[in-house]
Amino acid sequence: EVTEYDVPHVGPRRLRFGPDGILWIPSFDEGKLMRFDPQSESFESIDLPLMGVNEYETPYALNVHHDTGDVWIAANNSDRLLRYIPGEKRFIAYPMPSQVVWFRDLEFTTEGEVCTSNSNLPAYAHEDGLPAFFCLDPDYL
């Protein structure tokens with residue numbers, strides 16, 4: 001049996017389930033993080049932190065750490081990775097070392113790092129003109 005749901009915000013991208021069964025969905029077009037609880041069939045909308053007034057964010061990549069349940073989101077307009085800690089309902093922002101990043105997917109290492117590649121094409125569109133692979137150790141910062 002298949003049940004279809006209408007999401008409350010436009011442009012869902014790389015949705016992923018957390019270890020608790022919650023489905024996390026970025027809204028690319030509206031800069032939101034959506035939380036869907038399959039048990040109650042309810043949505044919660046969470047505003048992404050912005051750098052300034054009248055700015056917007058375009059979250060594309062998202063992944064949920066299998067141990068911590070933290071939700072990692074690519075904040076492509078502001079060249080940051082965002083970490084949402086659901087139990088605390090708070091974000092931590094990690095600025096990237098270069099500008100004009102575009103992350104399409106996020107993965108985790110066994111050591112706890114979150115990794116992604118800068119996927120702008122062509123590579124000369126990046127600030128330094130080179131394609132890049134980033135791994136961030138959240139315990140290091």
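We're numbering straight along the sequence, starting at 1. Below, all heavy atoms of this structure are taken into account, side chains as well, without hydrogens, waters or symmetry copies. Just so it is clear, the model here is predicted, and its values are computed rather than measured.
- A side-chain contact (heavy atoms from CB on, under 4.5 Å) with Leu106 is found for one member of Leu81, Leu136, Leu62 and no other, namely Leu81.
- Remark: of the listed residues Ser27, Pro26, Pro59, Pro59 is the sole one forming a side-chain contact (heavy atoms from CB on, under 4.5 Å) with Leu48.
- Separation of the Trp72 and Phe103 ring centroids does not fall under the 6.0 Å cut-off.
- Arg14 contributes a side-chain N or O that, together with a main-chain N or O of Arg104, makes up a donor-acceptor pair within less than 3.5 Å.
- The environment of OH in Tyr5 is crowded: more than 12 heavy-atom neighbours from other residues, nucleotides or ligands sit within 6.0 Å.
- Asp29 places no side-chain N or O within 3.5 Å of a backbone atom of His9 that could act as its donor or acceptor partner.
- Val64 has its side chain within reach of Pro19: a pair of non-hydrogen atoms, C-beta onward, lies under 4.5 Å apart.
- Of all non-hydrogen atoms in Glu113 and Cys135, the two that sit nearest each other are OE1-CB, 3.9 Å.
- Pairing each heavy atom of Ala93 with each of Leu82, the nearest pair is CB-CD2, 3.8 Å.
- With hydrogens and angles ignored, the 3.5 Å screen pairs no side-chain donor or acceptor of Arg83 with any backbone N or O of Asp70.
- Between the side chains of Ser78 and Glu57, at least one donor N or O sits under 3.5 Å from an acceptor N or O.
- Note that Arg13 lies in the cation-pi zone of Phe28, set by a 6.0 Å cut-off to the ring centre and a 45° limit from the axis.
- Looking at residues two or more places apart in sequence or on another chain, you find a ring pair (Phe, Tyr, Trp, His ring centres under 6.0 Å) between Phe91 and Tyr84.
- Nearest heavy atom pair, residue Pro8 against residue Ser45, reads CG-OG, 4.0 Å.
- Nearest heavy-atom pair across Met34 and Val7 is SD-CB, 3.9 Å.
- Considering only heavy atoms from C-beta on, Lys32 comes within 4.5 Å of Asp47 through its side chain.
- Enclosure of atom CD in Gln39 is not indicated, since only 12 or fewer non-hydrogen atoms of other residues, nucleotides or ligands lie within 6.0 angstrom.
- Checked for salt-bridge contact, Arg90 and Glu88 meet the test: a charged N lies under 4.0 Å from a carboxylate O.
- Between Asp6 and Phe43, the shortest heavy-atom contact is O-CE1, 3.6 Å.
- Here Arg16 pairs with Asp105 in a salt bridge; the nearest charged N to carboxylate O distance falls below 4.0 Å.
- Residues Arg80 and Tyr94 form no side-chain contact, since every pair of their non-hydrogen atoms from C-beta on lies 4.5 Å or further apart.
- When only modelled atom types and interatomic distance are considered, Asp37 and Ser42 share no side-chain donor-acceptor pair under 3.5 Å.
- Atom CG of Leu33 sits about 5.5 Å away from atom CH2 of Trp24, to the nearest 0.5 Å.
- Ion pairing between Glu44 and Lys89 holds under the 4.0 Å rule for side-chain N and carboxylate O.
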